[in-house]
Structures are given as structure tokens and as C-alpha cells.
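Data block below; observations after.
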Amino acid sequence: MPESHIASFSRFRRSHEFWLLIVILGLCSGLGFANAQFLTMQNLFDLLTSYAFVGILALGLLVVLIAGGIDISFTATASVAQYVTLSIANAYGANWISVFAIAIGIGGALGALNAIFIQKLRIPSIIVSVATLNIFYGLLIFFTGGKYIYSLPDWFATGIFWFEFEWGKDSSYGVNLQILALALAFLVTWLLLNRTNIGRQIYAMGGNTDAAQRLGFHIFGLNILVYSYMGVMAGIASLVQAQLAQSVAPTVLVGKELDVVAAVVLGGASLMGGVGTVLGTFLGLTLLAVLQNGIILLGVSSYWSPLFVGLVILISVSATAWSQRERRTRSVRA
Amino acid sequence: MSNAPALSLPRRMVALASSGTVATLILLLLALWVVFAIMIGDRFFSVDTLQSMAFQMPELGILSLAMMLALLSGGLNLSIIATANLSGLTIAFLLTHYIPGTQGLASAGIQVLAIAAGFAVAALVGLLNGFVIAYLGVSPILATLGTMTLCKGLAIGLSRGNVISGFPEPIVFIGNGTVFGVPFALIVLAFCALPVALMLNATPFGAKVYMIGSNEKATRYSGVNTRAVLLKLYVLSSLLAGVAAVVMLARFNSANAAYGESYLLVTILAAVLGGIDPFGGFGKVGGLLLALIILQVISSAFNLLNLSQFLTLAIWGGILIAVAAVPRLSGKAPR
């Protein structure tokens with residue numbers, strides 16, 4: 001192995017992501033051993049499909065957290081985007097491109113509204129997003145009466161199914177809308193954060209806003225971008241969720257925002273800003289998905305699922321905090 | 001500014017509003033009162049309306065106090081609702097299993113024991129929160145996210161998601177009875193708010209809490225055992241959630257793992273609206289109570305006007321942004 005690879009591997013070995021990976025691999029092999037169902041293609045595809053909604057939102061939230069902010073209004077944004085987009089599609093007709101364009105437009109606009117409140121009125125992001133969550137959600141239910149939409153356009157209900165292949169006798173798999181959207185969201189977020197100048201600026205702003213401002217970064221523009229990105233992801237996730245559920249239920253998404261926060265912070269993103277990776281978010285999401293899926297496959301009542309998720313969150317964040325403290329005291333002594 | 005001679009009324013109101021959150025809130029409350037009095041008329045001031053307001057406020061009020069304590073220290077406690085439900089289910093389980101067939105002193109004893117057990121559960125959750133936050137150094141939002149999920153899991157797992165209901169008369173009285181026309185639950189709120197206010201403003205412990213919220217590191221270097229203070233603070237926050245549990249289960253005459261989930265964000269909203277700095281260090285119980293009254297007045301008035309409770313949510317959100325923006329708009333914001 002060349003020198004640089006060894007160095008980068010030993011850096012990886014000390015990272016949060018490495019330990020997450022170890023835990024996930026241990027959990028997966030244990031579950032694969034205990035239940036033959038776990039490591040089947042069907043189960044893996046089902047997992048990806050059912051966690052796409054949380055995953056896409058988690059990527060949006062990752063960018064917000066790296067920028068040093070927080071947003072919990074995204075479930076309300078998603079509810080609004082879902083309802084308006086599919087109402088328009090039902091009334092006037094639409095195709096894939098137009099529904100995504102509308103949902104992305106609505107999400108982006110609501111996200112930008114958050115950024116304007118945060119930046120122009122200088123209100124902390126947590127307050128703004130608590131307020132806008134209530135505003136978006138309250139107005140949506142007020143105007144729609146909370147009615148579900150059960151009839152979706154045929155082409156939307158059918159979804160998409162690419163690269164279909166057979167596995168075993170009677171099951172076929174393919175890339176569906178959920179998996180495609182999740183993969184694209186990962187790719188775009190990774191590119192944004194790691195391969196663009198803007199990504200560097202977002203990390204810098206989250207690390208130290210004053211310093212970033214003095215370097216001449218356009219803080220307001222970056223905030224608009226970051227919160228709009230969260231909104232865009234909420235818009236995309238909302239369509240993915242509606243397609244999976246085959247209905248639009250304006251009341252079911254709000255209340256799930258902390259699940260998404262859990263996935264992102266399990267992945268090592270800091271609430272103080274400036275820290276977080278796409279790989280970490282992927283692993284955090286995987287850990288939650290594998291855990292919840294494993295509990296069901298092991299025959300434990302799903303009533304107990306939050307207990308295990310809570311334990312894993314507590315142990316993981318405690319271990320991370322503890323190891324950081326050890327490292328700090330060691331570096332002080334050295 | 002106060003002795004400026006020819007200030008017009010609106011200008012004077014803006015000046016008053018920008019002189020502090022409590023003043024802003026009082027102005028807002030008066031304005032709301034006038035507007036709703038014109039829109040609704042006498043019905044808005046009827047005994048029934050006032051009493052129903054007084055019945056609805058306590059549980060949210062006590063939970064908001066629990067949230068406020070954590071916020072003052074620069075933290076957050078996302079686990080209050082889950083703690084309340086877990087301790088409520090504990091109390092409910094003990095009441096429904098041991099009360100039937102008992103009478104008199106035995107029944108009273110079991111009721112007291114059941115509530116004590118509920119408080120013990122709440123205290124344990126608080127100890128866990130406090131230990132993880134103060135001694136392991138986990139950020140409060142993450143630690144309490146973990147305990148929130150954990151408590152919810154325990155509550156759902158143990159109760160199978162079922163409702164436990166049917167409690168003895170004295171318990172139901174806590175949530176539904178009145179003393180000289182004043183709801184008993186409101187008295188419970190007062191008995192929580194007063195000691196908390198005294199503790200925060202008149203004891204060394206309270207001073208330390210504000211100091212930690214302003215600058216934890218400086219407080220530690222000045223010789224305060226910040227860890228011990230934080231641990232106690234999270235136990236107190238949890239115990240308040242335990243009190244809220246009693247009020248909640250008494251009012252509904254039942255307990256469930258999913259009650260009051262929508263309250264979590266509303267407690268943050270109430271606290272911040274009441275002038276509690278979400279980054280810690282500033283805020284008074286009086287401001288919080290004013291904010292609660294404002295939220296309740298809007299909610300009750302909308303109810304009388306037959307407007308959707310969801311419109312109430314939206315208006316609450318709008319008011320939060322408006323009040324948070326007052327210092328900025330009046331040019332008094334830092335920077």
C-alpha cells in the first residue's frame with residue numbers, strides 16, 4: 001500500500017465513521033446469522049425503499065447542520081409540497097418532470113423563507129424553524145381541512161421500475177423511484193459538500209461565521225442556499241413518500257422530525273456546525289434502519305423498537321463524547 | 001426615552017415594547033384582549049370561558065417550566081413529554097392494579113405511593129439525562145433525544161400502546177376539581193411556578209444556573225461545580241415532567257404512551273415567546289407565564305370564533321417570529 005493510503009486509512013480508523021461501520025458490520029453479521037431473511041436481496045431493497053424518505057431529509061439536514069444552523073420545519077415543508085404538488089397534478093395533469101419541479105420549487109421557497117427570517121431578523125434558527133413548522137403545518141391543515149388524497153394520477157401510482165431482474169423463483173427487483181431518488185440525493189449532496197467551492201464555504205461558515213464573513217463569503221447567500229437545499233430535499237422526499245404510501249396524508253409527516261435528527265447526529269454531524277460527512281450520515285441512517293429491521297426479524301414486538309433505538313443513540317453519543325474528551329486530555333498532557 | 005415629551009401613542013408603544021420582553025408581552029396581551037373583546041363580546045369574559053382557559057393551561061404550563069429550566073442553562077430537554085408519559089403510565093398501572101378492592105386509608109396510601117413511584121421514575125430519567133449531559137459531556141439535545149426515544153420505547157413496550165384508564169375520585173379531582181371556583185390544576189401550576197421562580201431568583205443555585213447558561217466554562221473556572229448544578233437541574237426538570245404527568249392523567253382520567261406529543265414544540269415556543277434565551281442565561285418565570293396566557297387567550301378566542309385549532313398553531317408561530325423580531329426591528333439588537 002502506498003504511504004498516503006496508509007496515512008488516510010489510519011486517519012479513517014480514528015474517525016467516528018469507522019466505529020459506526022464496525023458496529024453496523026457486527027450487527028449485520030449477527031442478524032444474518034440469526035435470521036436468514038436478513039441478508040437477502042429482497043430485505044435490502046425493501047430497507048432502501050422504506051428508508052428513502054428519512055434518508056433524503058437527513059441529507060438536507062446534514063447540510064444545514066454543517067452550516068451551523070438547525071431546521072426542524074422540514075416535515076411541514078414536505079407536507080405542504082406533497083399536498084400542493086399532487087393536488088395540481090390531479091387537477092391539471094402533470095408528468096414526472098413537472099411534479100418534481102413543483103415540489104422542488106415549493107420546498108426551496110419555504111426553505112428560503114426560513115433563511116430570510118433567520119438572517120434578516122436575526123432570530124436563532126431553532127426558534128424560526130419551530131415557528132415556521134407551526135405556521136406551514138397549521139395553514140396547510142386549515143386550508144385543506146386535513147383531508148387525505150387517495151386518488152393519485154395513474155402514472156404516479158405505478159411509479160418507475162428500472163433494470164428489473166429476477167431473483168429466485170417469484171421475486172423481481174429493480175431500481176424504483178425511492179432508491180433512485182435516494183441515490184441521486186446522496187450523489188448531489190456529496191458533490192456539493194466535497195467537490196464545490198460552495199461546499200468549502202458552507203463548512204467554513206459553520207466552523208466560524210465571523211471568520212467566514214471577514215473572508216468575504218456571502219453569508220446571506222449561503223444561508224439561502226443551505227435552507228433552500230433542505231427545502232428542496234423535503235420536496236423530493238415528500239413525493240417519494242407519497243408514491244410509496246400511494247396517498248397524500250397531510251397529518252402523518254409532522255412529528256417525525258426528530259427521527260431525521262437522530263439519523264444525522266448518529267452519523268457524527270455536530271450541532272455546533274462545521275462538522276459532518278455524507279458517509280457518516282449514510283452510516284447513521286443504515287444503523288437505524290438495520291436496528292429497526294433486525295428487531296422485527298428477530299421476532300421482537302415492534303412496540304420495543306424505540307427502546308433499542310434510544311439505547312443506541314444514548315450509547316453512541318456518550319461513547320463519542322467520551323472518546324473526544326479522552327483525546328483532548330491526552331493532547332493536553334502531550 | 002421615557003421622558004421624551006411629544007411621543008405619539010404608537011411610537012410610545014414601540015418604545016415600551018422594545019424595552020423588554022415582558023413589556024412587549026403585556027402590550028401584546030392587552031392588544032389581543034381588546035381585539036377579541038370587540039370580535040367576540042361578553043362571551044369572551046364569561047366565567048365559563050375563563051374557567052376553561054384555567055383548566056387547559058396547567059399541564060402545558062408545568063411542562064414549559066420543565067423545558068425552561070433546561071433552556072436557562074443553555075440546554076434543551078426533549079425528553080419531558082416522554083418522561084411524563086412513562087411516569088404517568090407507572091402511576092396509572094399501580095392505581096388500576098392495587099386500588100380495586102381497597103378502601104379508606106389503604107386506598108389513600110396506594111394513591112400516594114403510586115404518585116411517589118411516578119416521581120421516582122421521573123427522577124431516574126432526570127439522573128440519566130444529567131449524568132450523560134454533565135459528566136459525559138454529551139450535548140443536551142442529543143442526550144435528551146436519546147432518553148426521549150428510550151422512555152417512549154419503554155412506555156410503548158410495557159403498555160403495548162394501550163390506554164390505562166379509570167382512577168379513583170381524589171386523583172380525578174386533581175385534574176378536574178375546583179377550589180372556590182379555581183381549578184385545582186391551576187393551583188398545582190402555581191405551586192410549581194412559585195418555588196421555581198424563587199429558586200431561580202433568590203438562591204445561589206439559581207444564580208449558578210444563569211451563570212452556566214451565560215458562559216459554562218467561565219462559571220466552572222470561577223469555582224462552581226457546574227456538573228453537580230446541571231445534574232440537579234435536569235433532575236428538577238424531570239420531576240416537573242412528573243408533576244405534569246399527574247395533572248395530565250388526572251384530567252383525561254387515563255394514561256398512554258402517546259399523550260401530549262404535540263406539546264413538545266409548544267413548550268419551546270412558550271418559553272422562547274416568554275423571553276427565555278434559547279442559548280441560555282436569560283429568562284424569567286413571569287415572562288413564561290405571560291406567554292402561556294397569551295397562547296391560551298388566542299386558542300380560546302379562536303375556539304369561540306369557531307376557527308380551526310390549526311389556524312391557532314399558525315398564529316402562534318407567527319407571533320413567536322414577531323416577538324423574536326422586536327429587538328431587531330426596533331434597532332436594539334446586538335451587532
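In what follows, every chain begins at residue 1, and chains take the letters A, B, ... in the order their sequences are listed. In this text, all values refer to a predicted model and were calculated from it rather than measured experimentally.
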* **Contact list for residues 290-305 of chain A, test salt bridge (charged side-chain N to carboxylate O under 4.0 Å, His left out), sequence neighbours left out** => none
* Asked: Is there a side chain to side chain contact (heavy atoms under 4.5 Å, CB included) between B:Val272 and A:Val130 once you walk through the steps?
  -> CA-CA 10 Å; B:Val272 175; A:Val130 166; over 6 Å; no
* Work out which heavy atom in B:Pro278 is nearest to a heavy atom in A:Ile126; give both atom names and the distance. => CB-CG2, 4.4 Å
* Do A:Thr132 and B:Ile321 come close enough that some side-chain heavy atom pair is under 4.5 Å? -> yes
* **Residue A:Phe282 excluded, over 12 heavy atoms near CZ under 6.0 Å** => no
* Shortest non-hydrogen contact from B:Gly146 to A:Ile313? -> CA-CG2, 3.8 Å
* Structure fact -> Closest non-hydrogen atoms of B:Phe310 and A:Tyr137, given as atom of the first, atom of the second and distance, are CE2-CE2, 3.8 Å
* How far apart are the C-alpha atoms of B:Leu311 and A:Ile141, what are their side-chain angles, what is the distance that settles it, and do they pass the side chain to side chain contact (heavy atoms under 4.5 Å, CB included) test? -> CA-CA 8 Å; B:Leu311 192 60; A:Ile141 308 294; over 6 Å; no
* Per-residue contact mode, A:Ser301 against chain B (heavy atom under 4.5 angstrom) -> side chain
* Asked: Quick one: are B:Leu264 and A:Leu258 in side-chain contact, heavy atoms under 4.5 Å?
  -> yes
* **B:Phe282 atom CZ, neighbour heavy-atom count above 12 within 6.0 Å** => no
* Asked: B:Gly153 and A:Trp304: which non-hydrogen atoms are nearest, and at how many Å?
  -> O-CE3, 4.1 Å
* Structure fact -> Under 4.5 Å to a heavy atom of chain B? For A:Leu133 that would be side chain
* May I ask you to test the A:Leu314-B:Thr147 pair for a side-chain heavy-atom distance under 4.5 Å? => yes
* Structure fact -> Applying a strict 4.5 Å limit to non-hydrogen atoms, the region of A:Ile123 in contact with chain B is side chain
* Structure fact -> One option among B:Leu128, B:Leu158, B:Thr312 has the most heavy-atom pairs under 4.5 Å with chain A, and it is B:Leu158
* Structure fact -> Checked A:Leu271, A:Val309, A:Ile315 vs chain B; the most non-hydrogen pairs under 4.5 Å come from A:Leu271
* **Heavy-atom contact with chain A under 4.5 Å, split by part of B:Leu76** => neither
* Using side-chain hydrogen bond (donor to acceptor under 3.5 Å, both in side chains) as the criterion, list what pairs up with B:Ser79, not counting sequence neighbours. => B:Asn77, B:Asn129
* To do: Go through the steps to decide whether A:Val317 and B:Leu145 satisfy the test side chain to side chain contact (heavy atoms under 4.5 Å, CB included), and finish with yes or no.
  => CA-CA 10 Å; A:Val317 294; B:Leu145 179 67; over 6 Å; no
* To do: Could you tell me which portion of B:Tyr135 (side chain, backbone, both or neither) has an atom closer than 4.5 angstrom to a non-hydrogen atom of chain A?
  => backbone
* Between A:Ala319, A:Gly310, A:Gly146, which residue shows the highest count of heavy-atom pairs closer than 4.5 Å to chain B? -> A:Gly310
* Short question: side chain of A:Tyr303, backbone of B:Ile156 - any donor-acceptor pair under 3.5 Å? -> no
* **Which atoms of A:Ile127 approach chain B - backbone, side chain, both or neither, heavy atom under 4.5 Å** => both
* Asked: So which of A:Phe308, A:Phe142, A:Phe117 has the biggest tally of heavy-atom pairs under 4.5 Å with chain B?
  -> A:Phe142
* Structure fact -> Whatever's closer than 4.5 Å to a heavy atom in chain A on B:Leu78 counts as side chain
* Heavy-atom pair with the smallest gap, counting every atom of A:Ala321 and B:Val138 -> CB-CG2, 3.7 Å
* Structure fact -> Within residues 65-74 of chain A, the residues sitting under 4.5 Å from chain B by heavy atom, in sequence order, are A:Ile70, A:Ile72
* Run the side chain to side chain contact (heavy atoms under 4.5 Å, CB included) check on A:Asn134 and B:Trp316 step by step: do they pass? -> CA-CA 7 Å; A:Asn134 286 301; B:Trp316 284 359; 5.6 Å; no
* Asked: Can you name the nearest heavy-atom pair linking B:Leu320 to A:Ala131, along with the distance?
  -> CD2-CB, 3.8 Å
* Please identify each residue that fulfils side-chain hydrogen bond (donor to acceptor under 3.5 Å, both in side chains) with A:Glu17, with sequence neighbours left out. => A:Thr277
